[in-house]
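The model shown is predicted, which means the values in this text are computed figures rather than measured ones.
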Amino acid sequence: YETGAHIARVGHYAHLIAQGLQLSAQDQALVLDAAAMHDIGKVGIPDHILLKPGPLTAAEFEVMKTHTTIGFDSIVRAEKALGVQVDFLMLAKEIALSHQEKWDGSGYPQGLVGDAIPLSARLMAVADVYDALTSRRAYKEPWSAEQVADLLRKESGHHFDPELVDIALELQ
């Protein structure tokens, strides 16, 4: 149940940020729909890692990081099966592959920096972290709005695109 709720919330958050950026209505709708695919690669992560209630070991985290490329590869296979390019899947590929990239280049899987990270993935990074922090999880209590705002400010220009942080803080 929580996974489904997470998917709905992050799509909503990403959509709101896309509105704040004044993207076209079509692009906003694509972001909303494609956001649901951000963690599709987690279907390829073993349950003992995916469902672990505590912190991951370094080795487990290395496996978890592969969810980005597993998701990307899965969407590529779906596109090939369709035999046609679909805007939704093109955006979903960007998000699945790059939503764990960080503005300063310290993310994964490619270590992209700044604007080299697709905008869709930068939106998803803010939305995904916002939801993770504000939601109750088996291993943590939800953070307050003030705590999340403080983290977003602190990570602006490091983890997150500063422009998107400003928009998220305005929306909050």
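The list of salt bridge (Lys or Arg N to Asp or Glu O under 4.0 Å) pairs with a residue in residues 16-28, not counting sequence neighbours, is empty. Applying the salt bridge (Lys or Arg N to Asp or Glu O under 4.0 Å) definition to pairs two or more places apart or across chains, those involving residues 75-93 are Glu79-Lys93. Applying the salt bridge (Lys or Arg N to Asp or Glu O under 4.0 Å) rule to pairs touching residues 145-158 yields Asp150-Arg153, sequence neighbours excluded. Sorted by first and then second residue, the pairs that involve residues 44-72 and meet salt bridge (Lys or Arg N to Asp or Glu O under 4.0 Å), not counting sequence neighbours, are Lys52-Glu60, Glu62-Lys65.
Two residues are said to be in side-chain contact when any heavy atoms from C-beta on lie closer than 4.5 Å; Ser135 and Arg9 meet this criterion. Using a 4.5 Å heavy-atom cutoff, the side chains of Val148 and Val129 are not in contact. Looking only at side-chain heavy atoms (C-beta outward), Leu97 and Gln110 come within less than 4.5 Å of each other. Side-chain contact check for Pro109 versus Glu101: some heavy-atom pair is nearer than 4.5 Å.
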Mind listing the side-chain donor-acceptor pairs of residues 117-125 below 3.5 Å, one per line with the distance, residues two or more places apart or on another chain?
from	atom 1	to	atom 2	distance (Å)
Ser120	OG	Glu94	OE1	2.6
Arg122	NE	Asp161	OD2	2.8
Arg122	NH1	Ile117	O	2.6
Arg122	NH2	Asp161	OD2	3.3

side-chain contact (heavy atoms from CB on, under 4.5 Å) evaluation trace for Val31 with Ile17
CA-CA 10 Å; Val31 166; Ile17 296 168; over 6 Å; no

Apply side-chain contact (heavy atoms from CB on, under 4.5 Å) to residues Met64 and Gln100 and explain how you reach the verdict.
CA-CA 11 Å; Met64 181 64 85; Gln100 296 291 344; over 6 Å; no

Could you go through the side-chain contact (heavy atoms from CB on, under 4.5 Å) check for Leu32 and Tyr13 one step at a time?
CA-CA 8 Å; Leu32 176 64; Tyr13 299 149; over 6 Å; no

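Atom CG of residue Asp115 and atom CH2 of residue Trp103 lie 4.0 Å apart, to the nearest 0.5 angstrom. Distance check, rounded to the nearest 0.5 Å: CD1 of Ile167 to CG of Leu152 gives 12.5 Å. A distance of 10.5 Å separates CG of Asp166 from CG of Leu21, quoted to the nearest 0.5 Å. A distance of 13.5 Å separates OG1 in Thr68 from CD1 in Ile95, rounded to the nearest 0.5 Å.
No donor-acceptor pair under 3.5 Å is formed between the side chain of Gln19 and the backbone N or O of Gln28. A donor-acceptor pair is defined here as one N or O able to donate and one able to accept, closer than 3.5 Å; such a pair exists between the side chain of Gln147 and the backbone of Ser144. One N or O on the side chain of Gln172 and one on the backbone of Ala145 form a donor-acceptor pair closer than 3.5 Å.
Taking the side-chain hydrogen bond (donor to acceptor under 3.5 Å, both in side chains) definition, one finds that Lys42 meets it with Asp39, sequence neighbours left out.
Under the 4.5 Å side-chain heavy-atom criterion for grouping Ile, Leu, Val, Met, Phe, Trp and Tyr, Leu133 is connected to Leu164 within one hydrophobic cluster.
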